[in-house]
Every structure is written in C-alpha cells, then in structure tokens.
Amino acid sequence: MELDLSPKLAKKVYGDDGGSYYSWCPNELPMLREGNIGAAKLALEKNGFALPRYSDSSMVAYVLQGAGVAGIILPESEEKVIAIKKGDAIALPFGVITWWYNKEDTELVVLFMGDTSKGHKPGQFTDFFLTGSNGIFTGFTTDFVKRAWDVDDDIAKALIGNQKGEGIVKLDANVKMPEPKPDHRKGMALNCEEAPLDTDIKNAGNVVLLNTQNLPLVGQVGLGADLVRLEGNAMCSPGFSCDSALQVTYIVKGSGRLQVVGVDGKRVLETIVKAGNLLIVPRFFVVSKIADPGGLSWFSIITTPNPMFTHLAGSIGAWKAISPEVLQAAFKVPAETEKLFRSKRTNDAIFFPPPN
C-alpha cells in the first residue's frame, strides 16, 4: 500500500477561551507514524496561559505569529524566562518543562515539530501536565501529596483541586507573570527572520539553517531546521537529503506548486501547498517547489542536527561534478546537447529566479 504524502492541516485537540492546541494525526498523515515525527500547534489568545508541561519527545518550537513569554526549565537547571516573537526557533530536548503566556492582543501561535521515536505513540506527542484537571497532582492521593511536598491537608487539597483548567487557561488581566530576562535568551532561541542568511539568491530566495553552530541545543534535540523564503514565481532546485534524514515541512506563508519523485522515477506527489499545510518527504526522495506570484515560505525540521543535501540543479548541482562523457552516455545525447546542458545554471545555487 502506497503512503499518502498529500499535505494536511492540523485539527483542534483541546482548548477554550484562553487558546487552543492543534495536532496533526498520524492516521491522516501516515508519514508521521512511518517517520516517527510529531507535529502540533499552540495558539494563545490575550492572557492565554499554557500550563507547565513536559513531553515524551524532543522537538523544535517555531513562533509563527505574535509575541509572548516562554518559561523553559532544563533538567536540574534554573528557569529561563525568555521573550519570544515571530520567527523565533527554540530547541526543546527531552525532559524540558515549558510554559507559554501571551499578554498581547495578537494571537500567539507556536509550531512544534519533533522526534517521537522514544515516545508513547509513534507520530504523536504525549504531554504530561504538572497542574490542571489532568495534571500529575490529580493522580496522587492527598496523603502522597502531603508527604512529598510537606504540606497540610488544606494546601494539598488546593494543589490538587483548585486549577480546573485543562492544558490552557485564561488568566485575569491583573495577574503578574514573570518578566523575560534578556540574558536568558542566549543559547535558547534564534530568530530565523533576523539571523544571517546562509544562502541568498537575488530575486529568487534565501535560507537560514538552524544547526549546532548557531543554536547548540539542537544537538541535544537531534534535529536540524531551516527557514526558506522563495520570491514570487521563483523555484527551489530539485534535491534530496543525502544522509538518510527525513524532512518535515510546514508552509508558513504563501502558496506554490510542489512535486516529489521517488523510487523508479515515479512522481509520487504533485500538489498545491498553502499556508498551514504540513508534509513529509520520505528519505532520499527528490522534491522541488515553484512559488506562486505572492511567494512561498516554509519552516522544516530535518531528522539530524547538521543535515546534508544534494541538489540536482544549479551551480552546485551534482550534474556539474559528473564528467561530460559519463553524462553523454547516461542521457544518450550528443556532445553538443551535454555541453548546452552543462552551460546552464552556472550562477544560481539552490534557488532560481523567475524566467525572463
């Protein structure tokens, strides 16, 4: 049975007036289960507070919209309280406890993508809440809570039962939350929209890579990531991950055409991708995209912290490294055709501007 590679939208899992949590289901996007990848989105309204939690998976968070505050507690470490905004990427290794808060009028939306190979459910995150109606306090009996935290009956009952919310709550406007500390951001977050560009092709596109050099924590997460922006009608070179990594792509903005070619030269996917879509390209399959006139942007995680790609077109394309005689024989074309083929795309790497 062939896998369905078509892009999918997230579906709401829970939430109320404070915000909502959305997830992609492996039953609808089978490559999530096949690749042991989870993907979800958190959307917080003004004064929305995502209760403290930890997950069974390591992941990368990417802020799609808005601004807010995140609390991040690494194992046996102090709490880092950081300001977050659109374009921020945050690496979240195993065992990290996080909380998220939005005090602005604009909705705060955070994307999570990560590795579920050690999780409870392949292709799906499982969160463990510290508080709330489904938090760990509700599972222990009162005498365990009293003894573990050295409190009396009244305090134990308050800890267990006061917070009726599940996962996300709306705080009163006068509630004071911790203020972010600028020095806490160092090493914790990288803004992909402001970071130096790794590749920038005029009138075509640019890319920022997230790796162990600019955000060392991704080494602990075991994932790399990138933010790619294609100009209107520009093209991304056909290419594949050459180190057996999977690429999981979320369309951040715009729309465009996408084609994927797999085993035996078979085109396994041809579709239009739009903002909000999530798709996964299987290992070693070749993918290419052409942006619509309004441009196309996507954020991807790659299942290795320092990914490697082979591009099949452009100035760094693999064809340029193959000797002319081999290409003539492989394509079964005369020398003139091979020479013309080789002479093209000598200046454009990875991204190609619109044709004249």
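Computed from a predicted structure; not experimentally measured. Atom set for the values below is all heavy atoms of this structure, side chains included, hydrogens, waters and symmetry mates excluded.
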| query | Cation-pi between Lys41 and Trp24: NZ/CZ under 6.0 Å from ring centre and within 45° of the ring axis? | reply |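 Ring-cation test returns no.
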
| task | Given salt bridge (charged side-chain N to carboxylate O under 4.0 Å, His left out), test Glu179 with Lys103 step by step and report yes or no. | result | CA-CA 11 Å; Glu179 290 295 326; Lys103 62 180 179 180; 3.8 Å; yes

Roughly how far apart are [X] [atom1] and [Y] [atom2], rounded to 0.5 Å?
X      : Y      : atom1 : atom2 : answer
Gln328 : Ser323 : CD    : OG    : 9.0 Å
Glu34  : Leu29  : CD    : CG    : 11.0 Å
Tyr101 : Ile84  : OH    : CD1   : 12.5 Å

Proximity of [X] and [Y] rings by center, below 6.0 Å:
X      : Y      : result
Phe137 : Trp149 : yes
Tyr54  : Phe128 : yes
Trp100 : Phe112 : yes

| query | So, for Asn214 and Pro216, which heavy atoms are closest and what is the spacing to 0.1 Å? | reply |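 Residues Asn214 and Pro216, closest heavy atoms: C-CD, 3.9 Å.
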
| task | Return the minimal non-hydrogen interatomic distance between Lys121 and Asp56, and the atom names on each side. | result |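 Closest approach of Lys121 to Asp56, heavy atoms only: N-OD2, 4.4 Å.
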
Go through the side-chain N and O atoms of [X] and [Y] and say whether any donor and acceptor fall under 3.5 Å apart.
X      : Y      : value
Ser255 : Asp292 : yes
Lys339 : Thr337 : no
Thr249 : Ser300 : yes

Is it true that [X] and [Y] fall in one hydrophobic cluster, defined by side-chain heavy atoms closer than 4.5 Å?
X      : Y      : result
Phe351 : Leu197 : no
Trp99  : Tyr62  : no
Val110 : Leu64  : no

| query | Could you go step by step and tell me if Lys8 and Ser6 meet the side-chain hydrogen bond (donor to acceptor under 3.5 Å, both in side chains) rule? | reply | CA-CA 7 Å; Lys8 298 292 192 298; Ser6 58; 2.7 Å; yes

Using modelled atom types only, decide if a donor and an acceptor are shared between the side chain of [X] and the backbone of [Y] within a distance under 3.5 Å.
X      : Y      : result
Ser343 : Leu340 : yes
Lys170 : Lys46  : yes
Arg53  : Gly167 : yes
Asp264 : Lys266 : no
Thr271 : Val273 : no

| field | Summary of salt bridge (charged side-chain N to carboxylate O under 4.0 Å, His left out) pairs that have at least one residue in residues 143-166, sequence neighbours excluded | value |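 Salt bridge (charged side-chain N to carboxylate O under 4.0 Å, His left out) check on residues 143-166 returns Lys146-Asp153.
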
| message | For residues 193-219, which residue pairs pass the salt bridge (charged side-chain N to carboxylate O under 4.0 Å, His left out) check, not counting sequence neighbours? | response |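 Passing the test, one end in residues 193-219: Lys85-Glu194, Lys86-Glu193.
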
| field | Test side-chain contact (heavy atoms from CB on, under 4.5 Å) applied to Leu210 and Leu190, step by step | value | CA-CA 8 Å; Leu210 194 71; Leu190 176 77; 3.3 Å; yes

Between [Y] and [X], is there a side-chain heavy-atom distance shorter than 4.5 Å?
X      : Y      : answer
Leu130 : Leu51  : no
Ile90  : Ile72  : yes
Leu5   : Leu279 : no
Lys289 : Arg257 : no
Val207 : Leu227 : no
Phe129 : Ile136 : no

| message | Is it the case that over 12 heavy atoms from other parts of the model lie below 6.0 angstrom from the CG atom of Asn174? | response |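 More than 12 within 6.0 Å, yes.
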
| said: Could you check whether atom CZ of Phe94 has more than 12 heavy atoms from other residues, nucleotides or ligands sitting under 6.0 Å from it? | reply: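 More than 12 within 6.0 Å, yes.
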
| query | Phe284 vs Phe240 aromatic rings, parallel, tilted or perpendicular, using cut-offs 30° and 60°? | reply |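 Judged by the thresholds at 30° and 60°, the geometry between Phe284 and Phe240 is tilted.
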
